Participant: 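What follows is a single structure, and I will ask about it in a moment.
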Amino acid sequence: MATVRISAAAAPSSFSTLFTHEKAGMSNVDKEKIKRIVYEMSKDSAHFKEQERRDQRVTEHINACRERHQRIGADELKSHEQRADRLLVELDGHRNLERTWACVDMDAFFAACEALEDPSLRGDVVFAVGGTSMISTASYAARRYGVRSAMPGFIAQRLCREAGVSLRFVPVDFPKYLKFAELARTAFRLFDPHFIAASCDEAFLDLTDYCAHHAISGAEAATRLRHQVLEATRGLTCSVGIASSRMLAKIASDVNKPNGQYVVPAEREAIVSFIGPMPLRKIPGIGRVTERVLREVLGAETCAELLAKRAALCALFTARVAREHLSALLGIGGEGPPPLQREGEPSQKGVSQERTFEPTGAPL
DNA sequence: AATAGAAGGACCC
DNA sequence: AACCAGGGTCCTTCTTCA
């Protein structure tokens, strides 16, 4: 029944969430300028107003949560805290550090494929895959000017022009990317014939057997893996995260991107100190909306901060969701075999071999 | 009372 | 000068039907 009311004052909070996420290589003054340009070019569009409407609904939901939060009595909070602590002990007790998982993420995949086939795009060329209406992937050179995936091309063009450079567009060519994805997969198979293809530029590999068989560390396997991918594709780089769970491996794959790797040691202490300072948004499954809820209702920005608010977390969310978040905060998620079929096994549904990252309800 | 869809979100690349 | 994707999976909630 709430009438959707959009106040003028709500605008900044919504545009500030657009295309401003941190990537490297920009000063604060640049970022402010980029934000301003994106806002100026977006503010009158239908798309922007739709976005504001959604943000407003989320705001209402947050306000309702806040109210509930304030009503929680001390006793109630205490019992939620005990429940949370029991759950944490249980989850921690079942922590599985036995497997070595890798998450492989191709660097600027579409752009890298294009550059590989067109020498005029090599080096530090400022270009984007996509068109003036929508950008799919930006070259690293273009990212320095604030160009991002899912950004309208005409805005990207303006960002570059303001910086005195011109942005070149390259049309998307899916068959090309699938071809390179298949080449990369021939490399993945050398390490894990049953790897999980999460998307065309991302995969999970269980390196446990490979490491045991060759008597090498996860770090060494990651180095070999990156080398094999480079060779199989004749020039594409990727970033690799190594950890005892797929969730941690995925987060780790982002740490030294591009063309790098990062290992989270398979020890409880190392895992906890790796995940603690992580912004909540890094957790797969926590997106724009959930991040806002957690920050604006509980005041939590990082995993450690949310862990400190575990009682309220349990009070406000369903048991299922609370459990899901708590395990993520401990660095747990996706240790065991994946619930669905893997590469090389007969497909149940036939068409799509791709799986999402982690069907939740799965045993942790 | 249990359940199977459908619809609507959130989230991912 | 105009101009803001499209492919998915999964979860929650609502509705319906035997």
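The chains referred to below are lettered A, B, ... by the order of the sequence lines, with proteins before strands, and numbering in each begins at 1. Predicted, not measured: the structure shown is a model, and the values here were computed from it.
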Participant: Using a 4.0 Å heavy-atom cut-off, does A:Ser136 contact any base of the nucleic acid, only the sugar-phosphate backbone, or nothing at all?
Facilitator: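 A:Ser136: no heavy atom of the nucleic acid under 4.0 Å.
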
Participant: Think A:Lys282 has a side-chain N or O under 4.0 angstrom from the OP1 or OP2 of B:dC11?
Facilitator: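 Answer no for this pair, as no side-chain N or O of A:Lys282 is under 4.0 Å from OP1 or OP2.
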
Participant: Round to a whole Å and report the spacing from CG of A:Asp173 to P of C:dA5.
Facilitator: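 Taking atom P of C:dA5 as the reference, CG of A:Asp173 is at 21 Å.
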
Participant: Would you please indicate if the ring centroids of A:Tyr262 and A:Phe274 are separated by under 6.0 Å?
Facilitator: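 Yes, they do, as the ring centres are separated by less than 6.0 Å.
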
Participant: I want to verify a distance call: between B:dC11, B:dC12, C:dA5, whose nearest atom is closest to the A:Val289 side chain?
Facilitator: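 Nearest to the side chain of A:Val289 among the choices is B:dC11.
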
Participant: If you measure from the P atom in C:dC4 to the same atom in B:dC11, how many Å do you get, rounded?
Facilitator: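 To the nearest whole Å, 24 Å.
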
Participant: Nearest whole Å is fine: how far is B:dG9 P from A:Gln51 CD?
Facilitator: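 The distance from CD of A:Gln51 to P of B:dG9 comes to 13 Å, rounded to the nearest Å.
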
Participant: With under 30° as parallel and over 60° as perpendicular, where do the rings of A:Phe110 and A:Phe174 fit, or are they tilted in between?
Facilitator: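 Answer is perpendicular, since the angle exceeds 60°.
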
Participant: Distance check needed: B:dG9 C1' versus A:Glu60 CD, whole Å only.
Facilitator: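 Distance, rounded to whole Å: 16 Å.
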
Participant: Under a 3.5 Å threshold, yes or no: a donor from one side chain and an acceptor from the other, between A:Arg66 and A:His69?
Facilitator: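 Per modelled atom types, A:Arg66 and A:His69 side chains form no pair under 3.5 Å.
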
Participant: Suppose we call a contact any N or O donor and acceptor under 3.5 Å apart; does that hold for the side chain of A:Ser42 and the base of C:dC4?
Facilitator: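 Checked by distance alone, the answer is yes.
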
Participant: If I take atom CZ in residue A:Phe110 and atom P in nucleotide C:dA5, what distance separates them, rounded to the nearest angstrom?
Facilitator: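 Distance, rounded to whole Å: 16 Å.
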
Participant: Does A:Ser45 reach a base, just sugar-phosphate, or nothing at all? Heavy atoms under 4.0 Å.
Facilitator: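 The answer is base, as A:Ser45 lies within the cut-off (heavy atoms under 4.0 Å) of a base atom.
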
Participant: Classify the side-chain pair A:Asp107/A:Thr237 by whether it contains a donor and acceptor separated by less than 3.5 Å.
Facilitator: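 Judged by distance alone, the side chains do pair up.
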
Participant: For A:Ile135, which contact category applies under a 4.0 Å heavy-atom criterion: base, sugar-phosphate, or nothing?
Facilitator: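 Result for A:Ile135 = nothing.
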
Participant: Quick one: which of C:dC3, C:dT12, B:dA10 gets closest to the side chain of A:Val321?
Facilitator: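 Nearest listed nucleotide: C:dT12.
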
Participant: For A:Met151, which contact category applies under a 4.0 Å heavy-atom criterion: base, sugar-phosphate, or nothing?
Facilitator: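 Result for A:Met151 = nothing.
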
Participant: Rounded to whole Å, how long is the line connecting atom CD of A:Glu291 with atom C1' of B:dA10?
Facilitator: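 To the nearest whole Å, that distance equals 13 Å.
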
Participant: When the nearest nucleotide of DNA chain C is assigned to A:Ala150 and to A:Gln157 on a heavy-atom basis, which residue is associated with the more 5' position?
Facilitator: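 Of the two residues, A:Gln157 wins.
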
Participant: Any side-chain N or O of A:Arg288 less than 4.0 Å from the OP1 or OP2 oxygen of B:dC12?
Facilitator: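 Checking B:dC12 against A:Arg288, no side-chain N or O comes under 4.0 Å of OP1 or OP2.
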
Participant: Heavy atoms only, 4.0 Å cut-off, all strands: where does A:Arg54 land among base, sugar-phosphate and nothing?
Facilitator: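 No contact at all - A:Arg54 keeps every heavy atom at 4.0 Å or more from the nucleic acid.
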
Participant: So, does A:Arg57 get its side chain near the phosphate of B:dG8, meaning an N or O under 4.0 Å from OP1 or OP2?
Facilitator: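 No, outside the criterion.
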
Participant: Can you figure out which of C:dA5, C:dA2, B:dA10 approaches the side chain of A:Val58 most closely?
Facilitator: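 Of the options given, the side chain of A:Val58 lies nearest B:dA10.
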
Participant: Using a cut-off of strictly less than 4.0 Å, decide whether A:Arg320 has a side-chain nitrogen or oxygen near OP1 or OP2 of C:dC11.
Facilitator: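 A:Arg320 to C:dC11 OP1/OP2: side-chain N or O found under 4.0 Å.
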
Participant: Going by purine N1 to pyrimidine N3 plus the second Watson-Crick contact, or the G-U wobble pair, all under 3.5 Å, which nucleotide sits opposite C:dT16?
Facilitator: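 For C:dT16, the partner nucleotide comes out as none, under the 3.5 Å rule.
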
Participant: Round to the nearest Å and state the distance from A:Asp55 atom CG to C:dC4 atom P.
Facilitator: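 It works out to 19 Å between those atoms.
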
Participant: Are A:Phe180 and A:Phe109 near enough that their ring centres are under 6.0 Å apart?
Facilitator: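 No, the ring centres sit 6.0 Å or more apart.
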
Participant: Calculate the interatomic distance between A:Lys43 atom NZ and C:dC4 atom P; express it in whole Å.
Facilitator: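 The distance from NZ of A:Lys43 to P of C:dC4 comes to 16 Å, rounded to the nearest Å.
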
Participant: How long is the gap from CD on A:Glu98 to OG on A:Ser244, to the nearest 0.5 Å?
Facilitator: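 Rounded to the nearest 0.5 Å, the CD-OG separation comes to 9.5 Å.
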
Participant: How many whole angstroms separate atom CD of A:Glu50 from atom C1' of C:dC4?
Facilitator: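 In whole Å, C:dC4 C1' lies 12 Å from A:Glu50 CD.
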
